[in-house]
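Working notes, beginning with the structure itself.
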Protein chains: 2
Amino acid sequence: MNIGAAAEASGVNAKMIRHYEAIGLLPPPARRDNSYRDYGAQEVHELRFIGRARKLGFAMPEIAALLTLWRDKGRPSREVKRIASRHLDDLEERIAVMRSMASALRRLVEACHGDERPDCPILDRLEEGF
Amino acid sequence: MNIGAAAEASGVNAKMIRHYEAIGLLPPPARRDNSYRDYGAQEVHELRFIGRARKLGFAMPEIAALLTLWRDKGRPSREVKRIASRHLDDLEERIAVMRSMASALRRLVEACHGDERPDCPILDRLEEGF
DNA sequence: ACTAAACCTTTCCATCATGGGAAGGTCAAG
DNA sequence: CTTGACCTTCCCATGATGGAAAGGTTTAGT
């Protein structure tokens with residue numbers, strides 16, 4: 001299977017597949033005589049795994065760790081849970097930050113009359129920082 | 001006022017001040033004989049504005065637009081409100097995405113017993129994608 | 001007056017995930 | 001036999017941030 005077909009089958013585009021190989025996330029695949037990369041079902045399976053982990057917002061080092069654990073059929077689930085929990089904490093932290101940004105902004109937007117007059121609580125806030 | 005002092009006074013570090021100048025967000029400041037950048041109260045005021053906008057999560061193009069409006073004392077608040085509203089929508093969209101990531105992950109983490117046994121719903125989910 | 005520290009300058013490089021584009025080789029269908 | 005759709009590698013760009021080098025200047029301490 002060429003890289004384009006593997007991309008299609010896995011949902012990870014060809015550019016990214018090469019990238020994941022370059023950063024060592026994936027082992028270099030077999031090459032055909034024409035030097036084209038050649039992928040099989042297993043590789044596509046791993047690519048799918050990566051794609052799903054990205055959709056859950058895992059960063060690349062975390063994905064690398066999860067992938068290693070996934071390949072190791074005897075891994076302790078403790079390890080996996082630890083990585084996922086840490087990521088979850090991180091996500092929740094970032095959500096909290098964004099929520100506080102959003103609520104501050106929402107108050108300002110609601111307070112701004114938004115017409116042709118120049119006075120605006122949004123700019124006041126950015127100016128004064130109160 | 002040297003760049004270091006302006007950084008201290010505004011809370012925006014010197015590296016970033018030069019960067020904002022380089023991307024055209026700030027006009028090039030006066031230079032002293034020694035070619036050091038020379039800042040006054042107005043510049044520090046603008047830097048503070050930028051810092052606060054960053055804290056509210058505005059992206060640089062948005063900040064550039066807000067800064068232009070802020071400088072224009074006769075701007076219609078409508079413009080400002082429009083930019084802020086759009087950013088707010090964007091923030092809320094991203095929060096929603098992250099919340100759905102987090103809740104999916106939370107369910108998985110809770111379902112994983114996290115001991116020395118190898119079976120793990122987190123990996124199952126990444127594998128199967130159900 | 002000399003020296004060392006603490007500034008300042010520019011320029012280059014790196015991050016992280018993603019992708020555009022060039023230049024060139026290969027393959028399949030018309 | 002040409003055309004178009006692949007593939008290859010390599011370089012560059014993003015956005016916000018910062019590290020580091022190599023060099024000039026100012027300030028403080030002796």
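We name chains A, B, ... by the order of the sequence lines, and we start the count at 1 in each one.
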Under 4.0 Å from OP1 or OP2 of D:dT17: is there any side-chain N or O of B:N13 that close? no

Under a 4.0 Å N-O cut-off, is there an ion pair linking B:R78 with A:D115? no

Quickly work out the B:M1 CE to C:dC7 P distance and round it to whole Å. 15 Å

Side-chain N or O of A:R54 versus OP1/OP2 of C:dT18: is the shortest distance under 4.0 Å? yes

What are the residues of residues 16-24 of chain B, sorted by number, that bring a heavy atom to within less than 4.0 Å of DNA chain D? B:M16, B:H19, B:Y20

Find the distance A:I50:CD1 to C:dT18:C1' and express it as a whole number of Å. 15 Å

Quick one: label A:R31 by what it contacts on the DNA or RNA (base, sugar-phosphate, nothing), any heavy atom closer than 4.0 Å. sugar-phosphate

Below 4.0 angstrom, which residues in residues 2-10 of chain A have at least one non-hydrogen atom near DNA chain D? A:N2, A:I3, A:G4

Atom CG of A:L26 and atom C1' of C:dA17 are separated, to the nearest Å, by 14 Å

Measuring to OP1 and OP2 of D:dT8, would you say a side-chain N or O of A:R37 lies under 4.0 angstrom away? yes

Sequence neighbours excluded, every pair satisfying salt bridge (charged side-chain N to carboxylate O under 4.0 Å, His left out) that has a member inside residues 62-75 of chain B: B:E46-B:R71

Separation of C:dC16 C1' from A:D90 CG (nearest whole Å): 14 Å

Suppose we screen for salt bridge (charged side-chain N to carboxylate O under 4.0 Å, His left out). Which residues come up paired with A:D89, at least two apart in sequence or across chains? none

Residues which pass side chain to side chain donor-acceptor pair (under 3.5 Å) with B:D119, listed by chain and number, not counting sequence neighbours: B:H113

Please check this pair: side chain of A:E43 against backbone of A:G40, looking for a donor-acceptor N/O pair closer than 3.5 Å. yes

Which side-chain N or O atoms in residues 7-18 of chain B pair as donor and acceptor under 3.5 Å with protein atoms at least two apart or in another chain?
from  : atom 1 : to    : atom 2 : distance (Å)
B:S10 : OG     : B:A6  : O      : 2.8
B:S10 : OG     : B:A7  : O      : 3.4
B:S10 : OG     : B:V12 : N      : 3.1
B:N13 : OD1    : B:K15 : N      : 3.0
B:N13 : OD1    : B:M16 : N      : 2.9

Identify the pairs formed between an N or O of the protein and an N or O of nucleotides 27-30 of chain C at a distance under 3.5 Å, and give each distance.
from   : atom 1 : to    : atom 2 : distance (Å)
C:dC27 : OP1    : A:N34 : ND2    : 3.3

Tabulate protein N/O versus nucleotide N/O from nucleotides 19-22 of chain D, keeping only pairs under 3.5 Å, one per line.
from   : atom 1 : to    : atom 2 : distance (Å)
D:dG19 : N7     : B:K15 : NZ     : 3.2
D:dG19 : O6     : B:K15 : NZ     : 2.7
D:dA20 : N6     : B:K15 : NZ     : 2.7

What integer distance in Å separates A:L47:CG from C:dT18:P? 13 Å

Testing the basics here: between A:V109 and B:A84, what is the closest heavy-atom pair and its distance to 0.1 Å? CG2-CB, 3.7 Å

Determine, using the 4.5 Å side-chain heavy-atom cutoff (strictly less than), whether A:I83 and A:I63 are members of one ILVMFWY cluster. yes

When you compare the side chain of A:R32 with that of A:N2, does any pair of heavy atoms fall below 4.5 Å? yes

D:dT25 P sits how many Å from B:D38 CG, rounded? 17 Å

Per A:A59 side chain, nearest of listed nucleotides C:dA17, D:dT8, C:dT10: C:dA17

Under the side chain to side chain donor-acceptor pair (under 3.5 Å) rule, what pairs show up with a residue in residues 19-30 of chain A, not counting sequence neighbours? A:E21-A:R37

So, taking the atom named CD1 in B:I50 and the one named CG in B:L26, what distance separates them when rounded to the nearest 0.5 Å? 4.0 Å

For A:E110, enumerate each residue passing the side chain to side chain donor-acceptor pair (under 3.5 Å) test, keeping only those at least two apart in sequence or located in another chain. none

Sort and list the pairs that fulfil ring-ring contact (aromatic ring centres under 6.0 Å, His included) and have at least one residue in residues 64-101 of chain B, not counting sequence neighbours. B:H45-B:W70, B:F49-B:W70, B:F58-B:H87

Side-chain donor-acceptor distances from residues 91-99 of chain B under 3.5 Å, at least two apart:
from  : atom 1 : to     : atom 2 : distance (Å)
B:E92 : OE2    : A:R106 : NE     : 2.8
B:E92 : OE2    : A:R106 : NH2    : 2.6
B:R94 : NH1    : B:D90  : OD2    : 2.5

